[in-house]
K.L.:
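Next up is a structure, given as structure tokens.
Along the sequence shown, residues are numbered consecutively beginning with 1.
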Amino acid sequence: MTVRPAVPEDDLDTIHAADPTWVGSEWFWAFAEALLLDHPAFTWCYDDGGVAVGHAALDCQARRSPTQAAAYLWVAPSARRRGAGTALGRRVLDVAREHGFSTVLVPVPEADPDGRSVTEHWGGRVDGHHFEQTLDLGGLTDPRVSDLTARAIGSGVTFHEVSGDDGMRAVYPFVRDRYDEAPDTGEASEPLTLEVLQAMATPENMLVACVGDRTVGVTCVTHRTDDPPTVNTVFTGVHPESRGLGIATALKAEQARRLRDRGYRTLVTQNMEGNEPILAANVRMGFRRGPGWFDYIVPTRP
């Protein structure tokens, strides 16, 4: 039984089979590679008899405060109570402390009492609640999309797809600034990089709202590699001066229609409790609430 560096050949999808926050190993490795360009990042597996049964990751960039990193940990339910979680957690906290962090931010599914109990035993405290929502794209009709976009279109909004890497680079500053304004991004969080945005979404999976030649909103999705007919919204943002015009709802509805026409069947999104504009937009579109998770802040020292 040992903690070792994870490698792309590890079957992370099997480890995370019961993990409601997992979005697939392909996306995980692409995201990890992008993070490594600007910050130290680590990922480990816990081997039990030569079989990887646990997985953890650490991203050494500031989250919400200058001394807070981001971490992730999951042990397959069948392998729990054998020391895997303790060993992985100790490795995460030790390495975070070595890199100057006093706390780590760890997501824990609300339906995982083991995870919550262990995290609280480590001194973790809740600092946010998120939940997933799901939209059946097959049930989204064109008349319904017209209703959801009418207000924004009446205000002069038009929708544009992003064209290639040059188009993504052009819209990146707008996305970065809106990302910094999100409710779950603290004042000390480090800015979204272009490379991380490119890992999160490809140009054809981004949609921009404009008034004239001015960008006022953006939304983007990523493929759920664990479930090919599904796409996952990774970000939606509207410029502060253009809020209140129904742009977020219109953007999400128009993109959902285009995704439906491309053959996708399900759109999934995750939002933080308290982000009322986006939650209201999801309600208007017909999203149904799914599993949630808590943000825990865990001290790196006992």
K.L.:
Do the side chain of Asp13 and the main chain of Ser25 share a donor and acceptor less than 3.5 angstrom apart?
P.N.:
yes
K.L.:
Does a side-chain heavy-atom distance below 4.5 Å link Glu132 with Pro20?
P.N.:
no
K.L.:
Could you please spell out the steps behind the side-chain hydrogen bond (donor to acceptor under 3.5 Å, both in side chains) verdict for Thr43 and His55?
P.N.:
CA-CA 7 Å; Thr43 183; His55 174 229; 2.7 Å; yes
K.L.:
Given the rule in the salt bridge (Lys or Arg N to Asp or Glu O under 4.0 Å) test, do Arg284 and Asp147 qualify, once you have shown the distances and angles that lead to the verdict?
P.N.:
CA-CA 10 Å; Arg284 287 192 290 273; Asp147 288 342; over 6 Å; no
K.L.:
Side-chain heavy atoms under 4.5 angstrom apart, residues restricted to Ile, Leu, Val, Met, Phe, Trp, Tyr: same cluster for Ile15 and Trp29?
P.N.:
yes
K.L.:
Please report the interatomic distance CG(Asp19) to CG(Leu73), rounded to the nearest 0.5 Å.
P.N.:
10.0 Å
K.L.:
Which residue is it: Lys252, Glu254, His160? I am looking for the one with a side chain to side chain contact (heavy atoms under 4.5 Å, CB included) to Leu207.
P.N.:
Glu254
K.L.:
Applying salt bridge (Lys or Arg N to Asp or Glu O under 4.0 Å) to Asp127 and Arg63, what does each step give before you reach the verdict?
P.N.:
CA-CA 12 Å; Asp127 188 46; Arg63 297 295 181 93; over 6 Å; no
K.L.:
Taking the six-membered ring for Trp, are Trp22 and Tyr72 parallel (under 30°), tilted (30 to 60°) or perpendicular (over 60°)?
P.N.:
tilted
K.L.:
Given side chains that start at C-beta, do those of Leu267 and Phe287 come closer than 4.5 Å, heavy atoms only?
P.N.:
yes
K.L.:
Determine, stepwise, if the pair Cys45 / Leu12 fulfils side-chain contact (heavy atoms from CB on, under 4.5 Å).
P.N.:
CA-CA 9 Å; Cys45 279; Leu12 300 184; 3.8 Å; yes
K.L.:
For the residue pair Asp180 and Leu192, establish whether any side-chain heavy-atom pair is separated by less than 4.5 Å.
P.N.:
no
K.L.:
Over 60° means perpendicular and under 30° means parallel, so classify the ring planes of Phe31 and Trp27, tilted if in between.
P.N.:
parallel
K.L.:
Could you go step by step and tell me if Tyr296 and Val126 meet the side-chain contact (heavy atoms from CB on, under 4.5 Å) rule?
P.N.:
CA-CA 5 Å; Tyr296 274 87; Val126 173; 3.6 Å; yes
K.L.:
Nearest 0.5 Å, please: how far is OG1 in Thr193 from CE in Met200?
P.N.:
9.5 Å
K.L.:
Main chain of Ser102, side chain of Thr300: is a donor-acceptor contact present, judged purely on distance under 3.5 Å?
P.N.:
yes
K.L.:
Under the ring pair (Phe, Tyr, Trp, His ring centres under 6.0 Å) test, which residues partner Phe235, sequence neighbours left out?
P.N.:
Tyr179
K.L.:
How would you list all residue pairs meeting side chain to side chain donor-acceptor pair (under 3.5 Å) that involve residues 81-97, not counting sequence neighbours?
P.N.:
Asp48-Arg82, Arg81-Asp114, Asp94-Arg97
K.L.:
Between the side chain of Thr149 and the main-chain N/O of Val145, is any donor-acceptor distance below 3.5 Å?
P.N.:
yes
K.L.:
Mind checking the CH2-OG1 spacing from Trp293 to Thr21? Nearest 0.5 Å is all I need.
P.N.:
7.5 Å
K.L.:
Going through the checks in order, is the salt bridge (Lys or Arg N to Asp or Glu O under 4.0 Å) test met by Asp165 and Arg169?
P.N.:
CA-CA 6 Å; Asp165 291 339; Arg169 280 189 285 270; 5.0 Å; no
K.L.:
Could you please spell out the steps behind the salt bridge (Lys or Arg N to Asp or Glu O under 4.0 Å) verdict for Arg262 and Glu204?
P.N.:
CA-CA 11 Å; Arg262 287 166 56 186; Glu204 65 269 20; 5.4 Å; no
K.L.:
Surrounding CZ of Arg265 (heavy atoms of other residues, nucleotides or ligands, distance under 6.0 Å), is the total greater than 12?
P.N.:
no
K.L.:
Specify whether His223 and Tyr264 have parallel, tilted or perpendicular ring planes, treating 30° as the upper limit for parallel and 60° as the lower limit for perpendicular.
P.N.:
tilted
K.L.:
Go through the steps to decide whether Arg4 and Asp10 satisfy the test side-chain contact (heavy atoms from CB on, under 4.5 Å), and finish with yes or no.
P.N.:
CA-CA 11 Å; Arg4 59 161 176 80; Asp10 284 317; 2.7 Å; yes
K.L.:
Taking atom OG1 of Thr202 and atom CE of Met168, what is their separation to the nearest 0.5 Å?
P.N.:
6.5 Å
K.L.:
Measure from the side-chain N and O atoms of Arg80 to the backbone N and O of Val75, and report whether any donor-acceptor pair falls under 3.5 Å.
P.N.:
yes
